[in-house]
Amino acid sequence: MESKMSNNSAGATQPARKYVPPHLRAQERSPSVPPAVGASSPMPGAFTRTPSNSSFAGRPSKPPSSLPPRTRRPDGYGKWLDGIHIPAPRNERLELDLFGEPGDPFKQSTGINFDKYADIPVEAKGHNVPEPIIEFTNPPIDPHLLENIKFARYTTPTPVQKYSVPIIGQGCDLMACAQTGSGKTGGFLFPILSECFKNGPVQTPPANPSKYSTKVYPTALILAPTRELVNQIHEEAKKFAYRSWVKPAVVYGGAPSGEQMRQLDRGCDLLSAAPGRLCDFIDRGKISLANVKYLVLDEADRMLDMGFEPQIRRIVQGCDMPSVEDRQTLLFSATFPREIQLLAGDFLKNEIFLSVGRVGSTSENITQTVEWAEDFEKKSVLLDILEGHMEPESNNRTLIFVETKRMADILCDFLLQNNLRATAIHGDRDQREREYALNTFKMGYNPLMVATAVAARGLDIPHVSLVVNYDLPSDIDDYVHRIGRTGRAGNTGHAISFFNQNNLNIVRGLVEILREAKQEIPIFLEQSLQQASVFGGRGRGRGGSRGRGMSSRGGGSGFGSPFRRTASSWDSPSNSTSFSHDSPAYWIQKS
DNA sequence: AAAAAAT
């Protein structure tokens with residue numbers, strides 16, 4: 001922000017500076033080495049100033065006939081011509097949009113523990129595992145990507161990136177497991193874009209000029225389980241594809257498909273998509289997967305579990321997607337239950353298995369506590385916690401997870417009635433409401449957000465210093481992802497979970513996670529652990545599912561009935577009626 | 001039992 005101030009004041013004293021309309025700014029020559037974005041103090045207004053001796057002023061009045069007249073605003077994307085990558089000129093406004101200013105308070109910045117990532121043990125198994133990279137450097141990373149990485153102010157690759165870049169670069173399939181907030185998105189975007197920049201587009205069938213709307217043939221397809229996550233990946237893709245020939249596009253439900261259609265018409269080389277809308281566009285002949293070279297499943301375990309698997313199979317095996325042999329498949333997640341790892345084999349060939357730390361463990365940057373709270377007292381305990389945590393002028397955000405959409409609304413209303421700035425996100429809200437909730441939360445206008453599972457995975461929201469599990473999930477992997485909304489990129493964070501008799505189904509996994517992360521384990525959890533084991537509680541997720549690296553733990557098949565019991569079926573009667581205590585009349589939204 | 005994902 002300081003540089004912006006000096007920029008403005010310097011600009012005011014510069015009589016030579018003229019306004020240049022946005023569509024002409026791109027004509028300016030750019031220096032070959034980019035200064036840090038926004039760090040323009042040595043040369044204020046470098047991109048908008050038009051000195052009289054510039055190439056612009058001396059340009060012939062008529063453009064060379066080989067160039068078609070410009071018909072639309074430059075979009076910041078370059079070309080691939082005769083085997084050569086021709087990046088678009090730089091564009092100051094676009095750079096500010098994409099990368100923000102240095103020290104932008106709304107951006108995630110790496111935290112004090114970033115360097116500790118180097119201490120996490122990494123396991124890479126498979127044939128011909130290449131040496132990891134150590135830094136972002138030209139071989140092997142394409143120089144254009146290096147420039148964009150610099151713009152984004154990424155200085156050091158995270159462990160998953162150090163390995164994924166050479167692995168994907170040498171053409172291998174990959175199953176990568178790395179902790180929440182440890183840079184998985186870069187882990188697939190960097191190598192994919194780097195290779196794309198080096199190799200150019202795959203040959204695309206000629207467009208049919210008679211058709212009003214053309215079919216698009218993305219080179220890379222990235223699938224993710226929620227619309228917001230898909231959108232977030234797309235935003236990252238835009239950063240790292242800046243000025244290149246690779247045009248990112250995004251496709252998901254709940255938003256007008258016409259707009260997405262027009263966006264696709266402007267070009268689509270790297271597509272981020274939610275499964276439903278993608279299928280829709282494939283059916284309508286708008287998207288072909290015939291040219292896909294890279295297929296990414298982000299949150300891969302989620303994408304391959306019961307709810308999504310049929311859709312994914314349809315996209316991967318039932319459309320015109322190249323076969324396993326003819327594409328590269330990349331699976332990323334922080335958790336990977338063993339039976340899903342097995343299932344994933346259908347989509348991979350000769351994959352390299354990469355794990356950073358233990359599969360499914362949590363970051364030690366997150367301080368985890370568990371508090372005993374009966375359902376009826378959760379609301380007041382929450383208020384106490386928030387009072388202690390949300391100092392007025394702090395930049396903190398708190399994310400509160402509940403199990404049901406209805407409870408998300410109820411709790412949000414409760415917080416609002418207590419004069420707290422809260423919002424809610426869940427699948428029953430329309431997409432505009434969801435995006436509004438997420439944006440106001442990100443901006444800090446609403447520093448509290450109540451959420452269902454829709455916000456549990458992947459979302460990278462700066463300044464979430466506290467995650468509250470108002471209701472604990474029944475699956476330990478969900479717990480891992482939820483608390484992973486804090487303590488990202490080397491920042492520290494807190495997670496507080498409300499625990500009571502209804503949560504015995506997660507106690508084993510929870511204790512295991514807390515132990516691994518060297519967290520304190522309350523006495524009541526130890527006791528509940530014994531209680532739960534009487535009922536044969538299976539602990540970690542579905543059947544002790546976590547891989548220990550590549551090495552199988554053998555034994556436990558974990559294919560019993562997935563839900564042998566539910567909390568209510570063995571609850572004491574007094575607890576099963578707790579709902580009526582939970583919601584005194586004045587808290588309930590009468591329907 | 002719940003949530004998510006197409007209209």
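In the text below, chain A, chain B and the rest are named by the order of the sequence lines, each starting its count at 1.
- Rounded to an integer number of Å, the gap from CE of Met306(A) to C1' of dA1(B) is 11 Å.
- Relative to the six-membered ring of Phe308(A), Arg302(A) misses at least one condition, a distance below 6.0 Å or an angle of at most 45° to the axis.
- Between Thr452(A) and dA4(B), a side-chain N or O to OP1/OP2 separation shorter than 4.0 Å is present.
- Look at CE on Met407(A): it is 13 Å from P on dA2(B), rounded to the nearest Å.
- Side-chain atoms of Gln341(A) come within 3.5 Å of backbone atoms of Phe336(A) as a donor-acceptor pair (strictly under, hydrogens ignored).
- Between the CZ atom of Arg406(A) and the C1' atom of dA1(B) there is a distance of 14 Å, given to the nearest Å.
- Annotation: side-chain contact (heavy atoms from CB on, under 4.5 Å) contacts of Phe524(A) (sequence neighbours excluded): Val370(A), Trp372(A), Phe499(A), Pro522(A), Gln527(A).
- Between the C1' atom of dA3(B) and the CD1 atom of Ile425(A) lies a distance of 13 Å, rounded to the nearest Å.
- Distance CD1 (Ile506(A)) to P (dA2(B)): 17 Å, rounded to an integer number of Å.
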Mind listing the side-chain donor-acceptor pairs of residues 271-282 of chain A below 3.5 Å, one per line with the distance, residues two or more places apart or on another chain?
| residue | atom | partner | partner atom | Å |
| --- | --- | --- | --- | --- |
| Arg277(A) | NH1 | Tyr252(A) | O | 3.2 |
| Arg277(A) | NH1 | Ala255(A) | O | 3.0 |
| Arg277(A) | NH1 | Gln260(A) | OE1 | 3.0 |
| Arg277(A) | NH2 | Ala255(A) | O | 3.0 |
| Asp280(A) | OD2 | Arg284(A) | NH1 | 2.9 |

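- Nearest to the side chain of Arg434(A), among dA4(B), dA5(B), dT7(B), sits dA5(B).
- Nucleotide dA5(B) holds its P atom 17 Å from the CZ atom of Arg314(A), rounded to whole Å.
- One can place CG of Asp305(A) at 15 Å from P of dA3(B), the figure rounded to the nearest angstrom.
- Rounded to an integer number of Å, the gap from CG of Asp475(A) to P of dA2(B) is 16 Å.
- Checked by atom type, the side-chain pair Glu435(A)/Gln431(A) shows a donor-acceptor distance below 3.5 Å.
- Set against dA2(B), dA1(B), dA6(B), the side chain of Asp280(A) has dA6(B) as its closest nucleotide.
- Put simply, Arg227(A) has a side-chain N or O that comes within less than 4.0 Å of OP1 or OP2 on dA6(B).
- In this structure, Gly307(A) reaches the bases: a heavy-atom distance under 4.0 Å links it to at least one base atom across the strands shown.
- The side chain of Gln311(A) sits closest to dA5(B) out of dT7(B), dA3(B), dA5(B).
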